[in-house]
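Beneath this line is the structure, given in structure tokens, with notes to follow.
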Number of protein chains: 2
Amino acid sequence: MAPTRQRTPTEIALIGRHTQQRSVVLAAFIRADGFVGAQALHAQLAADGTPVGLSTVYRTLTRLAGAGRADLVRDTGGERLFRYRPGPDHRHYLICTECGLSHPVDSAPIEDWADGIAQDSGFANVRHTVELTGVCPDCGGGQAATERQ
Amino acid sequence: MAPTRQRTPTEIALIGRHTQQRSVVLAAFIRADGFVGAQALHAQLAADGTPVGLSTVYRTLTRLAGAGRADLVRDTGGERLFRYRPGPDHRHYLICTECGLSHPVDSAPIEDWADGIAQDSGFANVRHTVELTGVCPDCGGGQAATERQ
DNA sequence: CATTGATCTGAAAATCATTCCCATCTAGCG
DNA sequence: CGCTAGATGGGAATGATTTTCAGATCAATG
């Protein structure tokens, strides 16, 4: 863990020209370490004293997702949440609806299942999105949470 | 036009008072037989000569979903698509991104997997959303569809 | 059958995330 | 250093969904 030198994210090369704004957005995105919305990231950047235009945040996140370096889900309000993905494989998470804590889960069964479906159905280019939500132990998971809403 | 008496769908009782508008919306919703957006349903109703306010369509669909009689997904544009669910159990579908064809899939493995996750994680009230998309055989599923985007 | 209060409806206005527009900048190359 | 395709930003535009609220309806009751 000696890396004194600032890494020049290879990610940026994937999405076009290397600019200051993109560096800053990417750094904050990685630092966020979990699902973040474009609006939240934009606000965070402003708070950090490195304001970047909202359009630019959207553009950057959208491109990262397009390049496969970000996972994308929708929260219940319809907002798009992005999560940085370092490697090529994607993962699935169990997200706490109370505090936002995300808990990675073993998704091998899902991958296999989805692959099987793809085979059997004759569909091509099958993709899947899996969202698991719940209430984590800290937020009252122990207590019998009702199934409201 | 013999049926002087209109059938009184039991679904309506689940979501409140029985009104003409709700009957009409529900009938069209069931007739749609697949995923529909509130806007599309609203337009369909107008075309059918039984216009209903957009707010009412939204309210009815939202309540049906809340009562567990409708499944809900988001299309890539962020629009909410509802699908009538006759029974109490929910299902998962493989949806063609080209023509919208929906193909029910065996979701037992997913249910089991999700239940297992709920157990192991300690989270309560775990819910899951699974979306499978692909290109059906009729729309070119045979051809090696690339994995763009 | 008339009354009545709770519920529902709908048109328009309000929200809100996201995208578009476009004048202005800037990386990166020659 | 000078050029130019690509990038930025902020404000306006879009589009789905929600809210508002006055008037219409429902359904239980007198």
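In the text below, chain A, chain B and the rest are named by the order of the sequence lines, each starting its count at 1.
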*Could you state the atom-to-atom distance from CG of Leu54(B) to C1' of dT17(D) in whole Å?*
8 Å

*Starting at OG1 of Thr133(B), measure out to CG of Leu94(B) and round the result to the nearest 0.5 Å.*
7.5 Å

*If each of Gly53(A) and Leu81(B) is mapped to the nucleotide of DNA chain D with the nearest heavy atom, which maps nearer the 5' terminus, i.e. the 5' end?*
Gly53(A)

*Could you check if a side-chain atom of Arg80(A) sits within less than 4.5 angstrom of a side-chain atom of Arg74(B), using non-hydrogen atoms only?*
no

*Quick one: Leu61(B) CG to dT18(D) P, roughly how many Å, whole number?*
10 Å

*His18(B) side chain, from C-beta outward: closest of dT8(D), dA27(D), dT18(C)*: dA27(D)

*Please answer whether the main-chain N or O of Thr50(B) pairs with a side-chain N or O of Asp48(B) as donor and acceptor at a distance below 3.5 Å.*
no

*Rounded to the Å, how far apart are Gln20(A) CD and dG6(D) C1'?*
16 Å

*Test for a donor-acceptor pair under 3.5 Å between the base of dG10(D) and the side chain of Ser55(A), counting only N and O atoms.*
yes

*asked:* If you only use heavy atoms from C-beta on, which nucleotide in dA16(D), dT9(C), dA17(C) is closest to the side chain of Glu79(B)?
replied: dA16(D)

_Rounded distance in Å - OH (Tyr58(B)) to P (dT18(D))_ = 7 Å

_Leu41(B) CG - dA16(D) P separation (whole Å)_ = 14 Å

*So what does Gln39(B) hit on the nucleic acid, given a heavy-atom distance under 4.0 Å: a base, only sugar-phosphate, or nothing?*
base

_Sugar-phosphate, base or nothing in reach of Arg59(B), heavy atoms under 4.0 Å_ = base

*Rounded to the Å, how far apart are Phe35(A) CZ and dA17(C) C1'?*
18 Å

*Upstream residue (5' side of DNA chain D) when Gly37(B) and Arg22(A) are each assigned their closest nucleotide*: Arg22(A)

*Can you tell me how far C1' of dT7(C) sits from CD1 of Ile12(B), to the nearest Å?*
14 Å

*asked:* Less than 4.0 angstrom between a side-chain N/O of Thr19(B) and OP1 or OP2 of dC8(C), yes or no?
replied: no

*Arg22(A) versus Arg59(A): any side-chain heavy-atom pair under 4.5 Å?*
no

_Flag side-chain contact, heavy atom, 4.5 Å: Leu41(A) against Val25(A)_ = yes

*Look at all strands and tell whether Gly16(B) reaches a base, only sugar-phosphate, or nothing, counting heavy atoms closer than 4.0 Å.*
sugar-phosphate

*asked:* Any N or O donor-acceptor pair under 3.5 Å from the base of dC26(D) to the side chain of Arg17(B)?
replied: yes

*Between dG9(D) atom P and Gln21(A) atom CD, what is the distance in whole Å?*
4 Å

*Look at Arg80(B) and dT18(D) and indicate whether a side-chain polar atom (N or O) is within less than 4.0 Å of OP1 or OP2.*
yes

*Tell me what Arg74(B) touches on the nucleic acid: a base, only sugar-phosphate, or nothing, going by heavy atoms under 4.0 Å.*
nothing

